[in-house]
2 protein chains.
Amino acid sequence: MRQPIAQGRTQKLDSKRHASAQEILDAAATAFSERGYAATSIDDVADVLGCTKGRIYHYFRTKGDLFIGIHLQALEWALEAVGPTAERADLGPEEKLREMVHRHAMHLMNRASYMGPAQYQIEMNLASEGRNKDEQMARILKMRRQFEAYYATVVEEGIAAGAFRGTDANILVKAVLGTINWMHVWFRPGGPQDSTVERERTAAELAEFAVRGVVA
Amino acid sequence: MRQPIAQGRTQKLDSKRHASAQEILDAAATAFSERGYAATSIDDVADVLGCTKGRIYHYFRTKGDLFIGIHLQALEWALEAVGPTAERADLGPEEKLREMVHRHAMHLMNRASYMGPAQYQIEMNLASEGRNKDEQMARILKMRRQFEAYYATVVEEGIAAGAFRGTDANILVKAVLGTINWMHVWFRPGGPQDSTVERERTAAELAEFAVRGVVA
DNA sequence: CCCTATCATACTACCACGTAGGTTTTTTGG
DNA sequence: CCAAAAAACCTACGTGGTAGTATGATAGGG
């Protein structure tokens with residue numbers, strides 16, 4: 001009974017092993033984002049890789065672990081994308097929020113396969129699985145709250161400074177998050193007119209929309 | 001081989017029969033919105049009703065038909081919610097958009113169990129099923145396009161009239177839709193401080209956010 | 001009293017997760 | 001450089017759960 005990885009992401013891993021696991025995660029993220037978690041079989045993921053189930057189960061104990069691995073990776077990236085900006089002290093609320101939204105949107109487009117499944121499927125899918133994943137769930141929820149706190153903080157700062165409308169900070173945060181997160185429904189990587197500059201333009205457009213929605 | 005209902009919604013149905021089918025749809029919507037389509041078994045739906053599978057399969061041929069029935073119902077209601085407002089000629093773009101968003105948000109909260117599954121799960125779930133549902137899919141997609149067209153029209157009118165920012169109408173529409181549709185992720189009916197007035201306040205808040213996001 | 005809509009029970013077929021070993025490739029140690 | 005061990009991966013199943021069916025029971029209307 002070996003102890004697979006993918007829980008302790010920070011552990012030092014043999015780089016070969018880590019690369020193979022990452023390749024599996026990529027394939028799973030792609031498959032899940034296309035057909036959904038429950039409708040995707042492990043064999044489907046293996047087909048994407050051109051291998052068999054054996055390889056996948058060598059790295060991940062269960063299908064749920066695969067999903068959790070994708071989630072942790074996506075959230076890690078998301079926190080990296082907006083965290084540094086959120087903690088900058090040299091920006092006013094308006095510019096800080098604009099930059100955060102812009103980076104968040106770019107991250108969503110650049111890592112679409114990971115972020116798509118990550119956003120909403122978690123509660124339903126993992127709530128029904130056995131409760132032996134409570135620890136992982138707690139870690140994911142913690143990262144989620146951290147991420148949302150970045151936005152809550154800048155909105156509250158803006159309200160306190162009189163830069164943002166002083167209504168309900170909580171709903172404003174949900175509105176901003178919805179503006180961005182809804183992208184995974186309509187944005188398709190590799191679609192027509194998809195390019196780096198186009199993504200930048202889209203991100204800037206959404207950032208402008210969100211900022212205008214909250215400014216006083 | 002009887003011909004079950006739920007495809008021809010406009011047919012005259014025995015009211016008893018229709019009531020029973022509607023009850024089943026309600027239960028299925030609730031179950032799907034909680035655990036997701038694929039993770040919910042027909043027996044789960046039957047348990048919610050306190051009956052057995054027999055009753056469900058007497059009204060719906062397959063599990064997919066159940067899902068489609070929920071979808072059609074949700075879209076029908078959604079079109080009823082915003083359509084009349086979208087076609088009013090006595091409102092300027094700004095007030096029309098505000099009213100549409102408000103009604104849309106109220107609809108989402110009042111029919112949360114139907115709208116939750118309806119929003120995004122369709123492509124993944126039905127794309128993987130057999131292609132004998134193309135007709136139903138086409139009907140659903142048509143209603144979706146109709147719904148989105150309501151928003152596109154008002155946004156384009158606003159831009160043409162100089163009331164809205166004349167940037168990318170398409171992205172603005174997606175931003176507005178995201179603001180509202182994302183509610184199914186964070187709004188929980190029956191949660192703390194959930195009441196009619198609170199829902200009105202939430203809807204008004206989101207409408208204000210969306211309108212400010214697009215006005216010039 | 002019969003007939004039909006309605007629902008329950010029991011059953012089948014099948015898919016997909018996870019496992020138990022075997023086989024190949026890579027690493028290690030002498 | 002070579003055996004031996006370990007890692008990486010594959011093949012072939014066992015097993016549980018679920019969609020859908022076939023048949024039987026019941027209740028209400030004409």
Output the single nucleotide from C/dT19, C/dA16, C/dA5 whose closest atom is nearest the side chain of B/His58.
C/dA5
For A/Phe32 and A/Phe67, take the angle between the two ring planes, folded into 0 to 90°, and tell me which bin it lands in: parallel under 30, tilted 30 to 60, perpendicular over 60.
tilted
List the steps and the verdict of salt bridge (charged side-chain N to carboxylate O under 4.0 Å, His left out) for A/Lys96 and A/Glu99.
CA-CA 5 Å; A/Lys96 184 186 283 189; A/Glu99 181 76 6; over 6 Å; no
Side chain of B/Tyr59: nearest nucleotide among C/dC17, C/dC7, D/dA19?
C/dC7
Looking only at heavy atoms, which two atoms of A/Ala46 and A/Ile56 are closest? And how far apart?
N-CD1, 3.7 Å
Applying side chain to side chain contact (heavy atoms under 4.5 Å, CB included) to B/Val155 and not counting sequence neighbours gives B/Ile159, B/Ala169, B/Leu172, B/Val173
In whole Å, I'd like the distance from the CD1 atom of A/Ile56 to the P atom of D/dA7.
21 Å
Output the rounded distance in Å from CD1 (A/Ile42) to P (D/dC10).
14 Å
Integer-rounded Å distance: C/dA16 P and A/Tyr57 OH
12 Å
Measure the distance from CZ on A/Arg17 to C1' on D/dA6 and round it to the nearest whole Å.
12 Å
Round to a whole Å and report the spacing from NZ of B/Lys63 to C1' of D/dT18.
8 Å
Check the distance between C/dA16's C1' and A/Leu66's CG and give it to me in whole angstrom.
14 Å
Five-pair end axes of the helix from C/dC1-D/dG30 to C/dG30-D/dC1, angle between them (10°):
10°
Kindly give the heavy-atom pair with the smallest separation between A/Tyr37 and A/Lys63, and that separation in Å.
O-NZ, 3.1 Å
Nearest-angstrom distance from the residue atom CG of A/Asp65 to C1' of C/dG18
12 Å
Separation of B/Leu75 CG from B/Ile68 CD1 (nearest 0.5 Å):
11.5 Å
Integer-rounded Å distance: C/dT24 C1' and A/Arg55 CZ:
15 Å
If you define the side chain from C-beta out and look only at heavy atoms, does anything of B/Leu177 sit under 4.5 Å from B/His104?
yes
Side chains of B/Tyr114 and B/Asp26: donor-acceptor distance under 3.5 Å anywhere?
yes
Between B/His102 and B/Glu200 the two heavy atoms that sit nearest each other are NE2-OE1, 2.7 Å
Using a 4.0 Å cut-off on heavy atoms, which residues in residues 43-54 of chain B reach DNA chain C? List them by number, or say none.
B/Cys51, B/Thr52, B/Gly54
